[in-house]
There are 2 protein chains.
Amino acid sequence: MEALDRRIVQLLAGDGRMSYTDLGRSTGLSTSAVHQRVRRLEERGVIRGYRAVVDYEEARIPVTALISITPFDPAAPDDVPDRLRHIPAIDSCFSVAGEESYVLKVRVSGPGELEDLLAAVRAAANVTTRTTVVLSTPWEDRSPLSSAPEETAELAPTAADVTSTDRVP
Amino acid sequence: MEALDRRIVQLLAGDGRMSYTDLGRSTGLSTSAVHQRVRRLEERGVIRGYRAVVDYEEARIPVTALISITPFDPAAPDDVPDRLRHIPAIDSCFSVAGEESYVLKVRVSGPGELEDLLAAVRAAANVTTRTTVVLSTPWEDRSPLSSAPEETAELAPTAADVTSTDRVP
DNA sequence: CGTGAAAGTTAGAACTA
DNA sequence: TAGTTCTAACTTTCACG
């Protein structure tokens, strides 16, 4: 991805409603040139959509928790995400390396709902759970694009890249 | 928060660039009535902003990890978030109940950068770390406001580069 | 909360390097 | 292929009923 595209993505990650006029001003391009690039970024899937950032305390869903999941029967086929997808309180689902198989981030309105949610998760996916309640959130979903590498990294992998086995773009 | 406001927040959480015209159509209000409500929601802080949803694999930041943090000196004043805030790769920071004090969600371009990041975190905040690498992300940042969840287009799983280890302290 | 008009934005066609 | 300029259609914004 080119520097100009990266800049556009970074700007839209920071303010998803920025107008093409302002994007053009910030990048030195014309309005339609930016528009064209944004459309290509959307088509390529680099930009997947736009969302309002909601303050869940204000929206009266004040409890966040992280739930680590271990399948009860390690021999059974692992379709945990499919079995959990219908539960709206599950904000994110990560498949992870480690003792446990998945980590869920959930949001509920209180301890009672958390209890119900845990029961629902265990029943739906036949798993055991380990729950970590979030006490406060200093920040969340900040856009980490400024740490992105330039295109040179592809041609010259570092020692650390080589020692790990799987594909690292 | 009123049902109409909740509906508006829900719609904007699903599509942050929806026009006021369409919001009005979907809620049965006029354009300006919706506009007025959205502005109030923004002022009250229920809607904190808008962001583009970025596919981090496409953007060449393909590695996600969860880092649990324990302060090295329990007697020292706890200003860990302030000490970490300047590191851009840290996407989210949660203060949590449990054995550990914080959980960070980070995004990096590869194992080498993860190694550097862990060193930076330990040095900046005087903490020990326990790292869980994310292998894939069945979904992320779904909006949990809905009782009738509009499933957004399926998120592309993020393949990461991990052999079998989970603890990288 | 709705109406309507001015100001601003977007989308796309035609053109250029 | 990627950029610019031009223009019609649409959206946002705001004073007023």
Take B/V63 and B/R107, measure what side chain to side chain contact (heavy atoms under 4.5 Å, CB included) needs, and give me the verdict at the end. CA-CA 6 Å; B/V63 177; B/R107 302 214 204 254; over 6 Å; no

Mind running side chain to side chain contact (heavy atoms under 4.5 Å, CB included) on B/V121 and B/V127 for me, showing each step along the way? CA-CA 8 Å; B/V121 165; B/V127 294; 4.0 Å; yes

Dot-bracket for DNA chain C, 5' to 3', with Watson-Crick and G-U pairs under 3.5 Å, [ ] for crossing pairs and | for other-strand pairs: what is it? .||||||||||||||||

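- Residue A/R37 places at least one side-chain N or O under 4.0 Å from the OP1 or OP2 atom of D/dG3.
- For B/L29, whose side chain is taken as the heavy atoms from C-beta onward, the closest listed nucleotide among D/dT4, C/dG12, C/dC1 is C/dC1.
- Rounding to whole angstrom units, CD of residue A/Q36 and C1' of C/dT9 are separated by 17 Å.
- Rounding to the nearest 0.5 angstrom, the gap separating the OH atom in B/Y102 from the OG1 atom in B/T70 is 11.5 Å.
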Working note: A/V46 + A/D5, criterion side chain to side chain contact (heavy atoms under 4.5 Å, CB included); need CA distance, chi angles, decisive distance, verdict. CA-CA 10 Å; A/V46 178; A/D5 283 337; over 6 Å; no

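- Salt bridge status for B/R37 with B/E2: present, with a side-chain N to carboxylate O gap under 4.0 Å.
- Judged purely by distance below 3.5 Å, without hydrogens or angles, the side chains of B/S92 and A/R142 never pair a donor atom with an acceptor atom.
- Looking at residues 17-25 of chain B, you'll see B/S19, B/Y20, B/T21 sit with a heavy atom under 4.0 Å from some atom of DNA chain D.
- In this view, A/Y20 and A/H35 satisfy the ring pair (Phe, Tyr, Trp, His ring centres under 6.0 Å) rule, not counting sequence neighbours.
- Between the side chains of A/T27 and A/R7, not a single donor N or O lies within less than 3.5 Å of an accepting N or O.
- Of the side-chain N and O atoms in A/H35, one or more sit less than 4.0 angstrom from OP1 or OP2 of C/dA11.
- For the pair B/R39 and D/dT13, the criterion of a side-chain N or O lying under 4.0 Å from OP1 or OP2 is not met.
- Taking the side chain of A/S32 as heavy atoms from C-beta on, and the options C/dG12, D/dG3, C/dC1, the nearest nucleotide is C/dG12.
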